[in-house]
Amino acid sequence: MNHWLFKTEPSTYSVEDLMREANQTCTWDGIRNYQARNFIRDQMEVADEILLYHSRCTPTAVVGLAKVVRSAYPDPAQFDHTSPYYDAKSPADNPRWLCVDIQFMNKFITPVTLEVIKKTNVLNDMVLVKQGRLSIQPVTATEYKAVVKFGLG
DNA sequence: GCCAACGTTGGC
DNA sequence: GCCAACGTTGGC
């Protein structure tokens with residue numbers, strides 16, 4: 001099983017929004033970055049566990065957990081003219097962008113802030129710290145366990 | 001809201 | 001296929 005970190009801006013979509021969805025499940029659409037797309041396509045599987053991270057807010061932090069409940073399929077938003085994620089250049093017979101469905105698992109008692117992650121030895125090599133702009137990124141099992149321990153402990 | 005970092009686009 | 005221009009992300 002793989003572990004991931006998904007970023008979201010809480011002003012657009014937050015962990016609380018996910019908790020209010022039917023079955024606490026949503027489609028994680030709108031990923032428009034090839035590196036992130038390739039992770040979804042090549043490595044993401046049902047039951048993979050996800051750290052949900054709130055970006056562009058105060059404080060930026062991992063705020064909860066989710067899991068993959070449907071593996072990669074074409075992102076419907078790329079073909080929807082009314083969507084901000086519409087992509088006129090994506091061929092219908094070979095969709096450029098993929099998405100997964102995720103289900104809420106847990107909301108942290110204590111959000112694990114970027115500040116703490118940077119200060120913690122087992123966490124400060126996370127892709128989050130090294131590669132600031134990647135919105136879907138792999139997390140090692142060790143990193144995952146450490147973040148969960150902070151968040152739920 | 002600013003702006004540095006960095007990914008993408010497109011002319012050549 | 002290089003790289004300047006442009007657009008977006010995200011910490012602060």
Side-chain angles (χ1 to χ4, degrees), chain A residues 2-21 26-44 48-68 71-102 104-140 142-152:
Chain A
N2 295 312
H3 299 88
W4 306 97
L5 182 145
F6 285 16
K7 286 183 192 167
T8 182
E9 297 184 24
S11 60
T12 304
Y13 193 86
S14 69
V15 65
E16 291 80 11
D17 291 326
L18 177 59
M19 290 169 73
R20 285 191 288 267
E21 301 277 9
C26 77
T27 297
W28 205 262
D29 61 2
I31 300 300
R32 297 291 179 268
N33 168 285
Y34 288 103
Q35 207 178 342
R37 191 276 312 270
N38 294 346
F39 285 132
I40 293 172
R41 183 188 62 195
D42 302 335
Q43 296 182 47
M44 211 168 285
D48 281 3
E49 294 184 354
I50 300 159
L51 302 174
L52 292 172
Y53 179 84
H54 280 177
S55 64
R56 278 189 74 99
C57 60
T58 306
T60 55
V62 179
V63 293
L65 305 176
K67 64 183 175 188
V68 176
S71 58
Y73 64 100
D75 181 347
Q78 70 196 307
F79 302 121
D80 176 0
H81 288 251
T82 66
S83 169
Y85 303 122
Y86 175 67
D87 183 352
K89 293 179 181 172
S90 181
D93 57 352
N94 183 24
R96 182 181 288 187
W97 304 114
L98 302 173
C99 61
V100 293
D101 290 354
I102 71 167
F104 171 80
M105 287 178 64
N106 231 315
K107 184 177 170 180
F108 282 176
I109 299 159
T110 314
V112 182
T113 63
L114 182 61
E115 186 185 8
V116 165
I117 288 169
K118 284 177 173 173
K119 282 182 187 167
T120 304
N121 276 335
V122 289
L123 297 177
N124 59 17
D125 280 335
M126 285 179 72
V127 178
L128 184 68
V129 179
K130 295 285 175 68
Q131 199 176 340
R133 296 184 34 151
L134 191 57
S135 63
I136 286 187
Q137 51 184 260
V139 173
T140 69
T142 305
E143 290 162 351
Y144 183 85
K145 279 180 199 160
V147 171
V148 171
K149 196 174 176 182
F150 278 124
L152 297 178

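This one's a predicted model, so the numbers in the text were calculated from it and none came from an experiment.
Closest to the A:R133 side chain, of the nucleotides B:dG10, B:dC6, C:dG11, is B:dC6. For A:N33, the side-chain atoms get nearest to B:dG7 when compared with the rest of C:dG11, B:dG7, B:dG10. The side chain of A:Y53 lies closest to C:dG11, out of C:dG11, C:dG7, B:dG10.
Atom-to-atom, CZ of A:R32 to C1' of B:dT8 comes out at 14 Å; the value is rounded to the nearest Å. The NE2 atom of A:H54 sits 17 Å away from the P atom of C:dT9 (whole-angstrom rounding). Between A:N38 atom CG and B:dT8 atom C1' there is a gap of 15 Å when expressed in whole angstrom units. If you take OH of A:Y85 and P of C:dT9, they are 8 Å apart, rounded to a whole angstrom. Note: CD1 (A:I117) to C1' (C:dG11) measures 13 Å, nearest angstrom. A:K7 places its NZ atom 12 Å from the C1' atom of B:dA5, with the value rounded to the nearest Å. Between the C1' atom of B:dC6 and the CD atom of A:Q137 lies a distance of 15 Å, rounded to the nearest Å. Atom-to-atom, CZ of A:R96 to C1' of B:dG7 comes out at 14 Å; the value is rounded to the nearest Å.
Evaluation of the side-chain contact (heavy atoms from CB on, under 4.5 Å) rule for A:R32 yields A:D75, A:A77, A:Q78, A:Y85, A:W97 as partners, not counting sequence neighbours.
A:K118 has a side-chain polar atom (N or O) that falls below the 4.0 Å cut-off from OP1 or OP2 of C:dC12.
Comparing A:Q131 and A:K89 by the nucleotide of DNA chain B that holds the closest heavy atom to each, the one mapping nearer the 5' end is A:Q131.
Distance alone, capped at 3.5 Å, is enough to place a donor-acceptor pair between the A:D48 side chain and the A:N2 backbone.
Look at A:R20 and A:E16 and you find no salt bridge, because none of the NZ, NE, NH1 or NH2 atoms lies under 4.0 Å from a carboxylate O.
Classification of the A:W28-A:Y13 ring pair by plane angle, with boundaries at 30° and 60°, yields perpendicular.
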